Protein chains: 2
Amino acid sequence: MVYPETFTGFQVNGSDTWTEFHKNEFQPKPFGDYDVDIKIAACGICGSDLHTLSGGWGEQYFPLCVGHEIVGTALRVGPKVTLIKPGQRVGVGAQSYSCLDCRQCKADNETYCRKQLDTYGAKWPDTGIISQGGYSSHVRTHEHWVFPIPDALPTVQAAPMLCAGLTAYSPLVRNGCGPGKKVGIVGLGGIGHFGLLFAKALGAETWVISRTHSKEADCKEMGADGFLATADGKDWNKDHIMTFDMILNTASSTEGMDLGAYLQLLDVHGHFVSVGLPEGEGQPMKSQDLLSNGVLVGASHLGSRKEVLAMLQLAADKGIKSWVEEIPISAENLKTALLRLHDNKVRYRFTLTDYEKEFGA
Amino acid sequence: MVYPETFTGFQVNGSDTWTEFHKNEFQPKPFGDYDVDIKIAACGICGSDLHTLSGGWGEQYFPLCVGHEIVGTALRVGPKVTLIKPGQRVGVGAQSYSCLDCRQCKADNETYCRKQLDTYGAKWPDTGIISQGGYSSHVRTHEHWVFPIPDALPTVQAAPMLCAGLTAYSPLVRNGCGPGKKVGIVGLGGIGHFGLLFAKALGAETWVISRTHSKEADCKEMGADGFLATADGKDWNKDHIMTFDMILNTASSTEGMDLGAYLQLLDVHGHFVSVGLPEGEGQPMKSQDLLSNGVLVGASHLGSRKEVLAMLQLAADKGIKSWVEEIPISAENLKTALLRLHDNKVRYRFTLTDYEKEFGA
C-alpha cells in the first residue's frame, strides 16, 4: 500500500482574510515510531477555530489549516504503536503532544503538561513544522492522542465530542458530578449542550442557567431538570441559594455577568469552573464574593486520554445524541459555517462531512 | 453566687473617633438555656477590630466594643448546657451564633450558615441588642461557640488562635495540608504566622511568599522550609512552577499583586485560598491565568467548632508558640495598639491582659 507523503487541506493565509479558505498541499511532520496516519472522514467546527483564525487569541502561524474534532480511519501505524490498529475508526481532539514523563503526565494530567502541543498551529519540536488540523485529508498523530471510537457512536456524533464534549466532560467528573449532586451549566452553546447531556448521563440533577428563555425548550428536550434565566430580574437566583454542588461555566463572554449572583448558588466550597476563554481583560473578583460560602473559582482545559475513552463509552452506552448540523466540507461552506458560528447561529454544533467527495477515496 | 447583670467594656462611639475608647457598662442579651457567661482574662487584637471600628468594612452599630479572640473562665452555664462546666478555662472566637439546623450547620459548616452572627457588632434575633466583644469584663455566648482550652496551652498563646489561628487552620486542613504536601503561605502577618506554624505542625513542606526578605529570619525561626520574595524580580517563581499543592493567601491587600505569577506555582487543580478581606474593588481575574494548570481560587471564613477543638489540641500537643506581644488592657493602650496594627508594626499578634486589674476580680 502507498501512503500519502503530503496531505491536502483548507488553509487560511492570515487573520485579515480569515474567511477565505484555500485548498493546499502541506507537509506533515516526519512519521514517528508512535505515530498513526489517519484518513479523515469528518471534523467538528469549534469556537477555537474561529478565535484562532480571526486573531482573537493573538498571533498565529499562517497559512493554517484548523480543525481539532477529527474522526477517520487509521491507515498505517508506527512500529512502536500498541494502542491503535490499521483500519480502526479513530478520533483526534485538540491536543496532540505532551512529554508523557513529568509529574503531570504521570497523573493523567497530560493536558496540563508544560510541553503540551495543540493539534493545529503548534510548532513541532526539532522540525519547526507547524501542526495542521482536520479541515484536511489526513492527520498524523502520536497514538496517545488517537482514540478508538465505539461502534455504537456515529461518526458525525462523535466528532464534536473530541473537543467540545471533553471540555465539558472532564471538569464535570473531576468536580464530583454524579447521582445526588445538583449541577448548573452556564451558557447553552456547543460546549454547554454537551455539559447538559453529560451531566444528565452521569446522573446529576442538571440545571441550565442562561440569559434569556430562548433556549429553554431545547434544554428540556435534552433532559434538563430545570432552567434559570438571569434576565428574569435581580431575584433570578433566590430560590436556589447555596443549593448547587458545582457550576460549569461555558459562557464565552464575561461582559455584564454578575459573577457574585452565580456564586451565591453554590453550596459551601462548591466549584465554579469556566471552560470558555473570553477575549479581553478579565473579570474583577472580590474575596467578599467568594467568602459567604467559601467557594472556589477555576478553569479547566480539555481532559486526559482516560477521560476521552470513558466519555466516548458513556456516550455509546447511553445513546447520547450530540445536536449536530452536518455540512459538506468545501471552501465556500467553511466560510458560511464560520460566519454563522461567529454570529452564534448554530444549534449546537457543526460537523464537516463528505471528505471522500472533496479529497478522494 | 451573684452573677453580673451588666458587663463593662471599652467602646468606641463612631468610625470618626475610632481610636477613642470609653469604658462603659452595657446590657448583654438575655441569658439563654444554652448560654455560658465567661469572665474574660485575655483577648487578642485582630485586624477585623481595626477594619470594623475605622469604617473600612462599612457602617456599623455604635457604640461598639470589639474583640473576638477571648479567653476566660466559665462562670455560670444555662440549664441545657452540656459542653461546658463552670470554672473551665474557655475561649470564644469571631462567631457566636448559627441556626445549627440547616444543611450547612449539619455538615460542620456552621461558619457558612446564612443566619450566622458575629461575636461583636451583630444584632441579636428578637432582642435587637448589638453583640459586644472581648475588650470587656464578660461575654455571654451559646455553648456551641465556647471552646475548652487544653491545659498545656497558655492563655495569652491561645487567645489569638481563636480567630487568626482558626482562619489559617481551617483552610489548611480543608485543602489537604499534611505530610507529602508543599504549601505556600502568602503574607506573614498575624494570620500568616499561624499559617506557617500550623502547616508545619500538620507535616507539610511549608514556604512563605513575601514581598521582601524583611521577615525571612523570623520565618526560618518559625520553621519555614523555604522563603520566596516577589521583590527579587520577575523570575522569583521560576524554580517552583507547578510544585505547590496549595497556597494560603493571608495578604490584606491585592494592590500590585500579580496573581498569575502566584497561580503558576500551583500543581494541577491546586487551590489558592484567600482569607484576607481587602477593602476595595477586587482583582481582575482572567480564565487564562487559571487555565494552564486548572487551578481554583477561593476564600475561606473561620472554621467549625470541631476544627477549633482540633486546632487547640494540635497546638497543645506540638507546643506551638504564637508570637504574641502582651499589652495590659486600658483605653490608652488600646489606642496605641490599634495604631501600631494600622501601621503594620506588630510581630505578629497582640494579646490584651491584666483584665482583673482593670475590671476587678
Side-chain angles (χ1 to χ4, degrees), chain A residues 57-58 102-105 107-114 116 170-171 174-175 241-243 246 249 251-252 254 259-260 263-264 266-304, chain B residues 57-58 102-105 107-114 116 170-171 174-175 241-243 246 249 251-252 254 259-260 263-264 266-304:
Chain A
W57 284 347
C102 66
R103 174 176 170 177
Q104 286 75 36
C105 283
D108 289 320
N109 284 320
E110 64 268 34
T111 304
Y112 299 100
C113 173
R114 294 175 70 186
Q116 79 96 27
S170 174
R174 288 181 183 218
N175 291 281
I241 303 279
M242 289 183 91
T243 64
M246 79 158 289
N249 172 31
S252 56
T254 54
L259 182 62
L263 298 182
Q264 288 171 7
L266 286 166
D267 195 13
V268 179
H269 305 325
H271 292 185
F272 182 92
V273 181
S274 294
V275 295
L277 275 184
E279 304 172 4
E281 279 318 298
Q283 186 163 39
M285 174 112 58
K286 293 186 72 162
S287 275
Q288 280 81 345
D289 283 341
L290 305 168
L291 196 83
S292 62
N293 40 0
V295 295
L296 292 140
V297 171
S300 171
H301 182 226
L302 297 172
S304 68
Chain B
W57 283 346
C102 66
R103 173 176 171 179
Q104 286 74 37
C105 283
D108 288 320
N109 284 320
E110 65 268 33
T111 304
Y112 300 100
C113 173
R114 294 175 70 188
Q116 79 96 25
S170 173
R174 288 182 183 217
N175 291 281
I241 302 279
M242 288 182 92
T243 64
M246 79 157 289
N249 173 31
S252 57
T254 55
L259 182 62
L263 299 181
Q264 288 170 8
L266 287 166
D267 194 13
V268 178
H269 305 325
H271 291 184
F272 182 92
V273 180
S274 294
V275 294
L277 273 184
E279 303 173 4
E281 280 316 299
Q283 187 163 41
M285 173 112 62
K286 294 186 72 163
S287 275
Q288 280 80 345
D289 283 340
L290 304 168
L291 196 83
S292 63
N293 40 1
V295 295
L296 292 140
V297 172
S300 172
H301 182 227
L302 297 172
S304 67

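Chain letters run A, B, ... following the sequence lines, proteins first and then strands; every chain starts at 1. Keep in mind that this is a model prediction, so the values were computed, not measured. Note: hydrogens, waters and symmetry copies are ignored here, and every other heavy atom, side chains too, is used.
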Could you measure the distance from the NE2 atom of B:H269 to the OG atom of A:S300? Nearest 0.5 Å is fine.
6.0 Å
Rounded distance (nearest 0.5 Å) linking atom CD of B:Q264 with atom CZ of A:R114
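One gets 8.5 Å once the value is rounded to the nearest 0.5 Å.
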Considering only heavy atoms, which portion of B:V273 lies under 4.5 Å from any heavy atom of chain A: side chain, backbone, both, or neither?
side chain
So, the part of B:V297 with a heavy atom under 4.5 Å from chain A: the answer is both
If I compare all heavy atoms of B:M242 with all of A:R103, which pair ends up nearest, and what's the gap?
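Nearest heavy atoms, B:M242 then A:R103: O-NH1, 4.2 Å.
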Taking all non-hydrogen atoms of both residues into account, name the closest pair between B:L290 and A:A299 and its distance.
CB-CB, 3.6 Å
Please name the residue in the list A:D267, A:V268, A:L291 that meets the side chain to side chain contact (heavy atoms under 4.5 Å, CB included) test with B:Y112.
A:V268
